[in-house]
Amino acid sequence: MRRPVENLPNHDAVEPEHWAGQHALMLAKIDAFLNPPAQTFRTYRESDTSLPARYARAIAWYRQGETQRAVDAVDVLIAEDPENPYYWELKGQILFEAGSPADAVPAHARAVELMPQDAPLLRINLAHALIETHDETVLERAITELRRATIDEPNNPMAWRLMSQAYATLGLEGEARLASAEFHFSVGQQRQATQFALRAATCSIPDRSSGGGRWTSCWPPAPRPRTWKTWIVARANGRGPFMKT
C-alpha cells in the first residue's frame, strides 16, 4: 500500500494551518457534548485559554445548567468571530433549552443568515424556536424554514414533525396530515404513513403554487385512495415526497 500512496499527486501536500485549528474545535465540541461536564473541566482546565478549551467549557457550563455563564462564554467567542454560524447556533441552543425560545430566535436566525446553504439543521433549529414561542404570526416563517430544510434532508423526522405541528396550529389539517405521513415514512412506519396520507386525501387542500410565495401543499392534488397507495409505494422508493419542496 505504501507505494501507491506515495505515488499520489498530493502525497507531499501540506495541510493548511487553519485545518488544525478547525479539527481541534471539532474535537473539543465532541468531547464537551459526549463527556460529563466534570470530565470536560478536567480536560480543558480554566488555565487553558485556547479557543478549543473555551469552547468546550462553554458547552460544559450549558450542559450542567449554568445558563448565564455559558451564554457569557459564547458571547465572548462571538465577539472574537462574529461570522461563525456555529457559535450563534450554540447560543440559540443554550437559550432555547433554558426555556427562552423567543430569545433563541435571533441567534438561530443569525446562524442561518451566515450559512444559508447546506445547513438544514440550522433551519430546523430556527423553526423549532419559532414554533415554541407560541406566536401564530411566525408560524408561516417556521414552515418556510422547514420546507427549505427538507429540500436538503427530505427524510428528517424532526422537520416533518415540526411542520405537522405548525400546520395543525394554523388549522390546516390536510397539510398537517401530509406532513405526518412524511414523518412516519422517515422513521420507517409505512402503515401509519398510509393512514395519514389517506386521511389527507379526504381534506380540501388548496394549491398555493401561484402567488403569495407559498408552497404547493398537495402532491398529487386530490388523488383517489387507491392512487394514494400508489404514491405511497413511489415515496418509499425515493420518488419524491407527498409535500412538494
Atom OG1 of T49 and atom CD of E46: how far apart are they, to the nearest 0.5 Å?
10.5 Å

Does any part of the side chain of E145, heavy atoms only, come nearer than 4.5 Å to the side chain of I124, both counted from C-beta?
no

Spatial distance of atom OG (S180) from atom CD (E175) [nearest 0.5 Å]:
11.5 Å

Show, in sequence, the C-alpha distance, side-chain angles and deciding distance for E132 and Q165, and conclude whether the side-chain contact (heavy atoms from CB on, under 4.5 Å) test is met.
CA-CA 10 Å; E132 291 302 321; Q165 180 182 342; 3.8 Å; yes

In this structure, would L126 and M158 fall into the same cluster of hydrophobic residues linked by side-chain contacts under 4.5 Å?
no

For A70 versus Y62, what's the shortest heavy-atom pair and its separation?
CB-N, 3.5 Å

By side chain to side chain donor-acceptor pair (under 3.5 Å), S50 pairs with (sequence neighbours left out) D48

ring-ring contact (aromatic ring centres under 6.0 Å, His included) partners of Y87, counting only residues at least two apart:
Y55

Spacing of CG belonging to N35 relative to CZ belonging to R42, to within rounding of 0.5 Å
9.0 Å

Between E113 and R110 (salt bridge meaning N to carboxylate O under 4.0 Å), is one present in this structure?
yes

Parallel, tilted or perpendicular, judged at 30° and 60°: which one describes the rings of F196 and H184?
parallel

Of all heavy-atom pairs between D152 and P120, which one has the smallest distance, and what is that distance?
CB-CG, 3.9 Å

Side-chain donor or acceptor of R177 paired with backbone N/O of A197 under 3.5 Å:
no

Sorted by chain and number, sequence neighbours left out, side chain to side chain donor-acceptor pair (under 3.5 Å) with R63 holds for none

Looking only at heavy atoms, which two atoms of A176 and A168 are closest? And how far apart?
CB-N, 3.8 Å

Only counting residues at least two apart or in another chain, list the ones meeting ring-ring contact (aromatic ring centres under 6.0 Å, His included) with Y44.
none

CA sep, side-chain torsions, deciding dist, call: K29, I59, side-chain contact (heavy atoms from CB on, under 4.5 Å):
CA-CA 7 Å; K29 184 175 184 178; I59 295 169; 4.0 Å; yes

Check for me, please, whether M163 and V105 land in the same ILVMFWY cluster - side-chain distances under 4.5 Å, paths through other members count.
no

Any donor-acceptor pair under 3.5 Å from R123 side chain to P116 backbone:
yes

Note: A142 and A127 closest approach over all heavy atoms is O-CB, 3.5 Å

Counting only heavy atoms not in Y86, do more than 12 sit closer than 6.0 Å to its OH atom?
no

Using only atom types and a distance under 3.5 Å, with no angle test, would you say the side chain of W160 pairs donor to acceptor with the backbone of T150?
no

Is any side-chain heavy atom of I78 closer than 4.5 Å to a side-chain heavy atom of E80?
no

Pairing residues for N156 by the side chain to side chain donor-acceptor pair (under 3.5 Å) criterion, not counting sequence neighbours
E153

Do side-chain atoms of S164 reach the backbone of R161 as a donor and acceptor pair under 3.5 angstrom?
no

CD1 (I30) and CG (L25) are apart, to the nearest 0.5 Å, by 11.0 Å

Is L139 linked to V112 within one hydrophobic cluster, defined over Ile, Leu, Val, Met, Phe, Trp and Tyr using a side-chain heavy-atom separation of less than 4.5 Å?
no

Counting N and O atoms only, with roles assigned by atom type, does the side chain of S100 sit under 3.5 Å from a partner on the main chain of F96, one being a donor and the other an acceptor?
no

At what distance, to the nearest 0.5 angstrom, does CD of E173 lie from CG of L178?
11.5 Å

Evaluate Q195 against Q190 for side-chain contact (heavy atoms from CB on, under 4.5 Å), listing each step before the verdict.
CA-CA 9 Å; Q195 292 171 348; Q190 185 163 326; over 6 Å; no

Set out, in order, the CA-CA distance, both residues' side-chain angles and the distance that settles side-chain contact (heavy atoms from CB on, under 4.5 Å) for W88 and N84, then state yes or no.
CA-CA 7 Å; W88 288 101; N84 189 317; 5.8 Å; no

What I'd like to find out is whether the side chain of I143 reaches to under 4.5 Å of the side chain of R147, using heavy atoms alone.
yes

Check for me, please, whether L51 and L114 land in the same ILVMFWY cluster - side-chain distances under 4.5 Å, paths through other members count.
yes

Which atom pair, heavy atoms only, marks the closest approach of P82 to A79?
CD-O, 3.9 Å

Can you sort out the partners of Q192 under side chain to side chain donor-acceptor pair (under 3.5 Å), two or more places apart, ordered by chain and number?
none

What is the distance from atom NE2 of H108 to atom NZ of K91, rounded to the nearest 0.5 Å?
11.5 Å

Specify the closest pair of heavy atoms between A166 and I131, including all atoms of both residues, with the distance to one decimal.
CB-CD1, 4.1 Å

If hydrophobic clusters are built by linking Ile, Leu, Val, Met, Phe, Trp and Tyr wherever their side-chain heavy atoms come under 4.5 Å apart, do L130 and Y167 end up in the same one?
no

